[in-house]
Amino acid sequence: MSIRTLDDLLAEGVSGRRVLVRADLNVPLDKETGAITDDGRIRAVLPTLGALVEAGAKVVVCSHLGRPKGAPDPQFSLGPVAGRLGELLGAPVHFATDTVGESARSTVADLADGQVALLENLRFNAGETSKDEAERGAFADQLAAFGDAYVDDAFGAVHRKHASVFDVPARLPHVAGRLVLREVEVLSKLTGSPERPYVVVLGGSKVSDKLAVIEALLPTVDRLLIGGGMCFTFLKAQGLEVGTSLLEKDMVETCRNLLERSDGKIMLPVDVVVADAFAPDAAHDTVRVDGIPSHRLGLDIGPETVAGFAAALSQAKTIFWNGPMGVFEMAAFAAGTRGVAEAITKADAFTVVGGGDSAAAVRALGLDESSFGHISTGGGASLEYLEGKSLPGIAALEN
Ligand code: 3PG
Ligand code: MG
């Protein structure tokens with residue numbers, strides 16, 4: 001890879017230099033309290049930040065959080081993240097209450113060597129996500145003014161052609177951070193020549209989100225196990241009734257076509273947990289997939305499916321998993337995700353967990369993170385990497 005790395009930058013010496021780090025601190029927040037429910041993405045960027053602090057850089061961190069609409073929106077403030085980041089670094093993080101305004105300018109100007117600042121949410125500015133090159137560029141100019149060098153460690157956002165990801169590296173000497181390097185190194189093993197059998201587990205709610213990756217993976221994988229909300233569109237394509245389960249009607253034909261072309265590689269659930277409502281305390285039962293009642297909706301895969309998926313996973317030498325098998329946030333519908341995750345940890349295989357949601361599921365279910373080979377911080381990013389797409393954030397580092 002023709003990309004310069006953090007080590008190259010450190011070798012040049014960064015003491016007293018301002019280093020702008022794009023991180024992905026887009027962590028899940030509790031809807032009621034606003035508390036950070038999973039700090040995995042904050043911890044993932046510590047190796048890069050720690051090395052810069054150690055080397056005496058003035059570290060200016062920027063990130064997005066959620067999807068605010070180009071203007072300040074308090075529920076998406078990075079303030080709480082600054083607090084948590086400071087705890088993890090063991091030193092206060094100076095928080096700027098705007099992104100490129102007066103607060104940001106004075107916070108950056110006041111940084112001493114080895115200190116860390118965090119700017120407010122990049123997406124409070126329309127220029128960050130704008131499709132207009134000039135608008136993005138103008139915002140990138142303002143951001144770039146805060147750094148003498150740029151480090152991209154926001155793997156979860158490398159698939160976004162956003163100002164902080166794509167346009168800032170064109171304006172500053174740029175390198176890949178430790179997290180971005182590690183992610184790319186691991187994922188490239190999956191697109192290279194993975195040891196076989198190579199088994200992929202896909203879940204999550206929408207087929208439409210996963211269509212491109214399914215297309216790209218079908219010729220490559222030995223087995224493709226499908227659970228989560230998206231399995232119902234596939235079951236429908238097999239001619240089954242799915243009650244009031246999630247269904248993408250306009251994708252049924254596509255799923256039928258994928259099943260026909262899949263050479264039997266696609267494995268679908270044989271049983272599912274159906275409930276009266278989408279609620280933690282809803283009455284529920286396990287049924288065969290050909291017996292889903294018309295008034296009930298499927299919220300998890302069933303135990304026989306878990307056993308079948310586990311058997312396939314136990315044979316694998318390489319496993320990639322993206323997307324929960326059911327509504328794991330509700331205890332009644334968590335068994336499928338837990339069962340599949342446990343089967344992955346037991347396999348004698350190189351295992352990669354892709355995605356914000358699946359990574360959060362691993363931790364929320366109390367599974368041992370170290371029993372997976374790699375837990376990616378990128379959901380969309382890891383899928384687009386596996387699709388073989390050019391990722392704007394990586395391409396910008398190559399130039
Ligand atoms: C993610 O959570 O997938 C990344 O942080 C990117 O966020 P986005 O999908 O809102 O661009
Ligand atoms: Mg996303």
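Here the structure is a predicted model, which means the values were calculated and not measured. Each ligand, and each atom within it, is numbered from 1 in the order the structure gives.
- Applying the 4.0 Å criterion to heavy atoms of N26 picks out, from ligand 1, the atoms 1 (C), 2 (O), 4 (C), 5 (O), 7 (O).
- Between H64 and ligand 1, an N or O atom pair is found at a separation short of 3.5 Å.
- Interatomic distance, T129 OG1 to H162 NE2, rounded to the nearest 0.5 Å: 5.0 Å.
- At a 4.0 Å cut-off, at least one heavy atom of R41 sits close enough to ligand 1 to count as contact.
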Only distances under 3.5 Å count here; give the side-chain donor-acceptor pairs of residues 320-330 to other protein atoms, sequence neighbours excluded, each with its distance to 0.1 Å.
unit_1	atom_1	unit_2	atom_2	d
W321	NE1	G323	O	2.8
N322	OD1	K210	NZ	3.1
N322	ND2	G354	O	3.1

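- With G156, S63, A381, A157 as candidates, the residue nearest to atom 4 (C) of ligand 1 on a non-hydrogen basis is G156.
- Near R123, the atoms of ligand 1 lying under 4.0 angstrom from a non-hydrogen atom of the residue are 7 (O), 8 (P), 10 (O), 11 (O).
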- Given the rule in the side chain to side chain contact (heavy atoms under 4.5 Å, CB included) test, do I292 and E241 qualify, once you have shown the distances and angles that lead to the verdict? CA-CA 7 Å; I292 300 176; E241 288 313 319; 5.8 Å; no
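- Heavy-atom proximity to R67, at under 4.0 Å, picks out these atoms of ligand 1: 8 (P), 9 (O), 10 (O).
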- Test side chain to side chain contact (heavy atoms under 4.5 Å, CB included) on S205 and M230 and set out the steps. CA-CA 5 Å; S205 49; M230 68 190 232; over 6 Å; no
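- Ligand 1 places these atoms under 4.0 Å from at least one heavy atom of D24: 4 (C), 5 (O).
- Atom CG of D368 is surrounded by more than 12 heavy atoms from other residues, nucleotides or ligands within 6.0 Å.
- The atoms of ligand 1 that sit less than 4.0 Å from any heavy atom of R160 are 8 (P), 9 (O), 11 (O).
- Considering L89, V60, V21, L52 in turn, L89 is the only one that fulfils the side chain to side chain contact (heavy atoms under 4.5 Å, CB included) rule with V116.
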